2 protein chains.
Amino acid sequence: MVKRTSFEGDACPIARSLEAIGDWWSLLIIREALFGVRRFGEFQSKLGMAKNILSVRLRALVDHGILTTAPASDGSAYQEYVLTPKGRGVFPVLVALRQWSEEFDDRPEEIATILVDRDKGRPVKKLELRAEDGRLLTPAETTLKPQPARRRRSA
Amino acid sequence: MVKRTSFEGDACPIARSLEAIGDWWSLLIIREALFGVRRFGEFQSKLGMAKNILSVRLRALVDHGILTTAPASDGSAYQEYVLTPKGRGVFPVLVALRQWSEEFDDRPEEIATILVDRDKGRPVKKLELRAEDGRLLTPAETTLKPQPARRRRSA
DNA sequence: GCAATTTAGTTTTATGATGCAACCACTGGA
DNA sequence: TCCAGTGGTTGCATCATAAAACTAAATTGC
């Protein structure tokens, strides 16, 4: 088989994330969902993507527990796609992507929006990696440690 | 043309990031590079990916200014692929993806490694989004503001 | 110094994914 | 009941990906 390689069984958590949200559209769909978009047509028109692909992606996101289908909030008989906690948990990933663009993009003047604190209207701080005790960490100051073997639930 | 849609001209910084690093392999290549991998064959064997694709991806990453080719550090006549500052700037994205997996994965026991502070050997803190004044922000406490039109360099 | 092997790719070919357009079923309103 | 809008599915052309075979230069062994 010449399938696109799957990372589902991979032990690396990054690969595992990519398995679920590592494609072009999924993250953009989640971005829209975080802004309150819930309806099929709304996703489709805002993202300008083909309907068949949107359809496939939404199904995949539901399968992965990132979205749930809910029975319309506005009374209509249609359904809606709503983020689960797992889906809302993607927020930091989106922020990290956004900040990377803001910092390193070759044509920053083309970036249309900035993420601000709703209260003050001021830009948010850069995400930073800190140690347990609050020290700022650079990539070089971190390492990977083998996960202390956890006991599986039931055998 | 039925090409895969490009986000290059998109005004959304997230879409712009995805344009450069939004595919399956690129992020994994950068992950390896952050751990010090530099040689073609090393990427290939560690990631277990096809050589033709690795070849294409490396070229793309170089084009995007994420990697640079440098003339071998160990004396051999081969070249190396080294991260630029822009490439190292991807680190928070990888951390965010990792932490998302750690928090929400359905089978956390399959995750092999944890990211720790090299000094203390203790797990790192979760990335958190903060306002300028240090307040913790939830997604709902943020908004997008149109970027104050910047003046282009020269005309 | 020459053959064998390694490294770093490119080419070829098969198949899966994507994008567009057309089509279809169901809803809601006049 | 007719008809526009919503929410998809289907078919087809094109693109990307994967595996394997192939190539050429660099390195190693002898």
Side-chain angles (χ1 to χ4, degrees), chain A residues 1-10 15 18-29 32-33 36-64 67-82, chain B residues 1-10 15 18-29 32-33 36-64 67-82:
Chain A
M1 270 211 268
V2 205
K3 285 187 73 165
R4 188 154 101 179
T5 49
S6 162
F7 300 119
E8 200 158 357
D10 202 302
L18 293 177
E19 177 70 26
I21 54 175
D23 77 276
W24 293 63
W25 292 115
S26 295
L27 280 168
L28 295 178
I29 290 171
E32 294 302 323
V37 171
R38 293 158 165 254
R39 294 285 280 266
F40 186 95
E42 216 178 343
F43 283 111
Q44 204 253 319
S45 62
K46 293 221 177 188
L47 291 173
M49 66 191 292
K51 298 200 293 180
N52 52 351
I53 296 180
L54 176 57
S55 183
V56 171
R57 287 283 170 280
L58 287 174
R59 224 190 327 268
L61 289 171
V62 169
D63 286 348
H64 280 294
L67 293 174
T68 331
T69 52
S73 59
D74 67 340
S76 84
Y78 298 110
Q79 62 173 358
E80 296 183 338
Y81 298 90
V82 187
Chain B
M1 269 212 269
V2 203
K3 285 188 74 165
R4 188 153 103 180
T5 49
S6 162
F7 299 121
E8 200 161 356
D10 202 301
L18 292 177
E19 177 70 27
I21 55 175
D23 77 278
W24 294 64
W25 291 115
S26 295
L27 280 169
L28 295 178
I29 291 171
E32 294 302 325
V37 172
R38 294 157 164 255
R39 295 282 282 264
F40 185 94
E42 216 179 344
F43 283 111
Q44 204 255 318
S45 62
K46 292 222 177 187
L47 292 173
M49 66 192 291
K51 298 199 293 179
N52 51 351
I53 296 179
L54 175 56
S55 183
V56 171
R57 286 284 170 279
L58 287 174
R59 224 190 327 267
L61 290 171
V62 169
D63 286 348
H64 279 294
L67 294 174
T68 331
T69 51
S73 59
D74 66 340
S76 84
Y78 297 110
Q79 62 174 357
E80 295 183 339
Y81 297 89
V82 187

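So you know, we letter chains A, B, ... as the sequences are listed, proteins then strands, and number each from 1. Just so we're clear, the structure is a prediction, and the values are computed from it rather than from any experiment.
One interatomic measurement links the two molecules: CZ of F40(B) to C1' of dA8(C), which rounds to 6 Å at whole-angstrom precision. To the nearest angstrom, P of dA18(D) lies 12 Å from CD of Q44(B). If you take CG of L58(B) and P of dG9(C), they are 7 Å apart, rounded to a whole angstrom. Following rounding to the nearest Å, I53(A) (CD1) and dT14(D) (P) show an atom-to-atom distance of 16 Å. Per the geometry, CG belonging to L18(B) stands 16 Å off C1' belonging to dT18(C), to the nearest Å. The CE-C1' distance, from M49(B) to dG9(C), rounds to 13 Å in whole Å. The separation between W24(A) atom CH2 and dG19(C) atom P is 9 Å, rounded to whole Å. Atom pair L54(A):CG and dA17(C):P shows a separation of 17 Å (rounding to whole Å applied).
Nucleic acid contact class of F43(A) (heavy atoms, under 4.0 Å, all strands): none.
Of the candidate nucleotides dG7(D), dG9(C), dT18(C), dT18(C) has the atom lying nearest to any side-chain atom of R57(A). With dG9(C), dT18(C), dC20(C) as the choices, the nucleotide that has an atom nearest any side-chain atom of N52(A) turns out to be dC20(C).
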Apply the test salt bridge (Lys or Arg N to Asp or Glu O under 4.0 Å) to residues D74(B) and R38(B): give CA-CA distance (whole Å), side-chain angles for both, the deciding distance (0.1 Å), then the verdict. CA-CA 11 Å; D74(B) 66 340; R38(B) 294 157 164 255; over 6 Å; no
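Looking at every heavy atom in both residues, S26(A) comes nearest to A20(A) through OG-O, 4.3 Å. A pairwise comparison of heavy atoms in A72(B) and S76(B) identifies CB-O, 3.1 Å as the closest pair.
Residue pairs meeting the salt bridge (charged side-chain N to carboxylate O under 4.0 Å, His left out) criterion with at least one partner in residues 40-56 of chain B, sequence neighbours excluded, do not occur; the list is empty.
Contact annotation: W25(B) reaches the phosphate of dA18(D) (side-chain N/O to OP1 or OP2, under 4.0 Å). For the OP1/OP2 pair of dG9(C) and a distance below 4.0 Å, the side-chain nitrogens and oxygens of S55(B) include no atom meeting the criterion. Phosphate proximity of dG9(C) to Q79(B): present, with a side-chain N or O under 4.0 Å from OP1 or OP2.
Between F40(B) and Y78(B), every side-chain heavy-atom pair lies at or beyond the 4.5 Å cut-off. Contact annotation: the side chain of Y81(B) approaches that of T69(B) to within less than 4.5 Å [non-hydrogen atoms, C-beta and beyond].
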Write down the protein N/O and nucleotide N/O pairs, taken from nucleotides 27-30 of chain C, whose separation is under 3.5 Å; answer none if there are no such pairs.
from, atom 1, to, atom 2, distance (Å)
dT27(C), O4', Y78(A), OH, 3.2
dG28(C), OP1, A77(A), N, 2.8

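Judged purely by atom type and a 3.5 angstrom limit, Q44(A) uses its side chain to pair as donor or acceptor with the backbone of M49(A).
Between R39(B) and K51(A), the residue whose closest nucleotide on DNA chain C is further toward the 5' end is R39(B).
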